[in-house]
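Reviewing the structure listed below.
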Amino acid sequence: DARVTQTPRHKVTEMGQEVTMRCQPILGHNTVFWYRQTMMQGLELLAYFRNRAPLDDSGMPKDRFSAEMPDATLATLKIQPSEPRDSAVYFCASGGPGTDNEQFFGPGTRLTVL
Amino acid sequence: DQQVKQNSPSLSVQEGRISILNCDYTNSMFDYFLWYKKYPAEGPTFLISISSIKDKNEDGRFTVFLNKSAKHLSLHIVPSQPGDSAVYFCAAGVGTSGTYKYIFGTGTRLKVLA
């Protein structure tokens, strides 16, 4: 049963600490997306990659957020330093050829910054 | 500025009746549209899609209608079932096959009353 996995599922941290969220896309998918869900904005696209290369990260606050794909099986989203306003659920999704333009979402990481 | 809007944050419908969820978009370049369903503590799951070359797509109890001139799409669920109670997101995208960038709406919470 192919699915996107994300770790950790929950993270509570204090303001100023570094947070790293991880995502394993579905094997064979070549695009990976990071979204943030907030009550006011719904699902916001933060960044996305195709074949591990960043295509668009215009949705991310550049001074504190960074996204990478060290290899085809791992995508990371890092926040340093974290702030209370970063509290949200962060979703990773993957897609690619043969998926009919659909994106498959992971279960999300719920981040709370105190 | 929200390019994709779901103006009804919530909707309640009696079991067996029709649920109609609406979505408006502003960018005429969008050419592929998706609907996702999201249960609490889970990632969004794909429901149904429609290409801009069509005005209707049907899958079982779910039908999506697209009105390009009005930049409006709607999701019809008939008959509605209690298990349909969830948050529904519409998404509008541009791109090429396998690499679509989507903008999501803020979601509509559907409650189907037994």
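If you're wondering where the values come from, they're calculated on a predicted model, not measured in any experiment. Every chain is numbered from 1, with letters handed out A, B, ... down the list of sequences.
- The part of A:R9 that comes within reach of chain B is its side chain, from C-beta onward, which places non-hydrogen atoms under 4.5 angstrom from that chain.
- Both the backbone and the side chain of B:Y102 have a heavy atom closer than 4.5 Å to some heavy atom of chain A.
- A centroid separation of 6.0 Å or more is found between the aromatic rings of B:F89 and B:Y36.
- If you measure heavy-atom distances from A:Q6 to chain B, you find no contacts under 4.5 Å at all.
- Between A:T7 and A:T109, every side-chain heavy-atom pair lies at or beyond the 4.5 Å cut-off.
- Ring pair B:H76/B:F62: centre-to-centre distance not below 6.0 Å.
- For the pair B:E42/A:P107, no side-chain contact is recorded, criterion being any heavy-atom separation below 4.5 Å from C-beta on.
- When heavy atoms are compared at a cutoff of 4.5 Å, A:L43 approaches chain B by way of both its backbone and its side chain.
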